[in-house]
K.L.:
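Let me begin by handing over the structure; questions about it come next.
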Amino acid sequence: MIMEKGMVKLSVMYPNQDGKKFDLDYYCNQHVGLVGKLLGAAVKSASVEKGLGGNAPDSPAVYIAIGNLYFESMDAFHKSFGPNADAIMGDLPNFTDIEPVVQISEIVI
């Protein structure tokens, strides 16, 4: 699906921190499927990004991974995510001990 002006993007970013765990395989093959099942058709598109590096040569990525979900509106996000937040958040310990950074954005271009 093409991103359209006015859509809402949920970004869940996992800071790259020494001594913390992040299981990318579980995240991609288990967690993303769980989220998709729970949120259903409200999710119009999704992506997962793996951090490769920072702004300086050979510097580590700021985020080890970023998950993005796109919704038609804020209302669609709240109606789908709200009732499922506990199940989604309850799965986090299965793949990470990192406190995620969350941002909700509006697509403007």
Side-chain angles (χ1 to χ4, degrees):
M1 171 178 208
I2 297 174
M3 298 308 110
E4 297 177 1
K5 184 177 179 178
M7 290 184 78
V8 169
K9 176 185 176 187
L10 169 68
S11 298
V12 182
M13 302 166 280
Y14 297 89
N16 190 4
Q17 301 170 336
D18 287 338
K20 296 288 187 172
K21 73 167 186 148
F22 189 89
D23 184 341
L24 188 63
D25 182 62
Y26 182 95
Y27 184 72
C28 290
N29 295 304
Q30 302 293 323
H31 184 73
V32 170
L34 171 68
V35 171
K37 177 182 164 190
L38 292 172
L39 303 186
V43 176
K44 299 304 176 190
S45 187
S47 66
V48 173
E49 303 168 27
K50 175 185 173 184
L52 298 178
N55 62 341
D58 299 321
S59 66
V62 175
Y63 298 104
I64 196 163
I66 302 172
N68 302 293
L69 298 174
Y70 295 85
F71 301 85
E72 284 185 3
S73 65
M74 221 27 195
D75 188 54
F77 163 70
H78 285 299
K79 283 183 178 176
S80 64
F81 193 84
N84 295 295
D86 288 343
I88 292 168
M89 300 304 288
D91 191 46
L92 267 65
N94 291 322
F95 64 89
T96 192
D97 57 359
I98 298 170
E99 181 74 29
V101 175
V102 176
Q103 178 167 308
I104 300 172
S105 306
E106 179 182 355
I107 305 298
V108 295
I109 295 179

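Computed from a predicted structure; not experimentally measured.
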K.L.:
Does anything in residues 35-56 pair up under ring pair (Phe, Tyr, Trp, His ring centres under 6.0 Å), and if so which pairs, sequence neighbours excluded?
P.N.:
none
K.L.:
Not counting sequence neighbours, which residues clear side-chain contact (heavy atoms from CB on, under 4.5 Å) with V62? List them please.
P.N.:
none
K.L.:
Among the clusters formed by ILVMFWY side chains lying less than 4.5 Å apart, do L52 and I64 turn up in the same one?
P.N.:
no
K.L.:
According to ring pair (Phe, Tyr, Trp, His ring centres under 6.0 Å), does anything in residues 47-73 pair up with another residue at least two apart or in another chain? List the pairs.
P.N.:
F71-F77
K.L.:
Would you give me the side-chain donor-acceptor pairs under 3.5 Å for residues 5-19, sequence neighbours excluded?
P.N.:
unit_1: S11; atom_1: OG; unit_2: N68; atom_2: OD1; d: 2.9
unit_1: N16; atom_1: ND2; unit_2: A61; atom_2: O; d: 3.1

K.L.:
If you measure from CG on L24 to CG on N29, what distance do you get to the nearest 0.5 Å?
P.N.:
8.5 Å
K.L.:
How would you list, by chain and number, every residue that makes a side-chain contact (heavy atoms from CB on, under 4.5 Å) with A85, sequence neighbours excluded?
P.N.:
F81
K.L.:
Could I get the full list of side-chain hydrogen bond (donor to acceptor under 3.5 Å, both in side chains) partners for Q30, not counting sequence neighbours?
P.N.:
none
K.L.:
Rest of the hydrophobic cluster containing I109 (Ile/Leu/Val/Met/Phe/Trp/Tyr, side-chain heavy atoms under 4.5 Å)?
P.N.:
V108
K.L.:
Do I104 and V43 belong together in a cluster built from hydrophobic side chains that touch within less than 4.5 Å?
P.N.:
yes
K.L.:
Search all heavy atoms of S105 against all heavy atoms of Q103 and return the closest pair with its distance.
P.N.:
OG-NE2, 3.0 Å
K.L.:
Tell me which donor-acceptor pairs under 3.5 Å the side chains of residues 91-102 have, and how far apart each pair is, sequence neighbours excluded?
P.N.:
unit_1: D91; atom_1: OD1; unit_2: Y26; atom_2: OH; d: 2.7
unit_1: D91; atom_1: OD1; unit_2: N94; atom_2: ND2; d: 2.6
unit_1: D91; atom_1: OD2; unit_2: H31; atom_2: ND1; d: 2.7
unit_1: N94; atom_1: ND2; unit_2: Y26; atom_2: OH; d: 3.4
unit_1: T96; atom_1: OG1; unit_2: K21; atom_2: O; d: 2.7
unit_1: T96; atom_1: OG1; unit_2: I98; atom_2: N; d: 3.0
unit_1: D97; atom_1: OD1; unit_2: K21; atom_2: N; d: 2.7

K.L.:
Which residues pass the side-chain hydrogen bond (donor to acceptor under 3.5 Å, both in side chains) test with K79, sequence neighbours left out?
P.N.:
D75
K.L.:
Got a sec, which residues hit side-chain contact (heavy atoms from CB on, under 4.5 Å) with N84, two or more places apart in sequence or on another chain?
P.N.:
L38, L39, I88
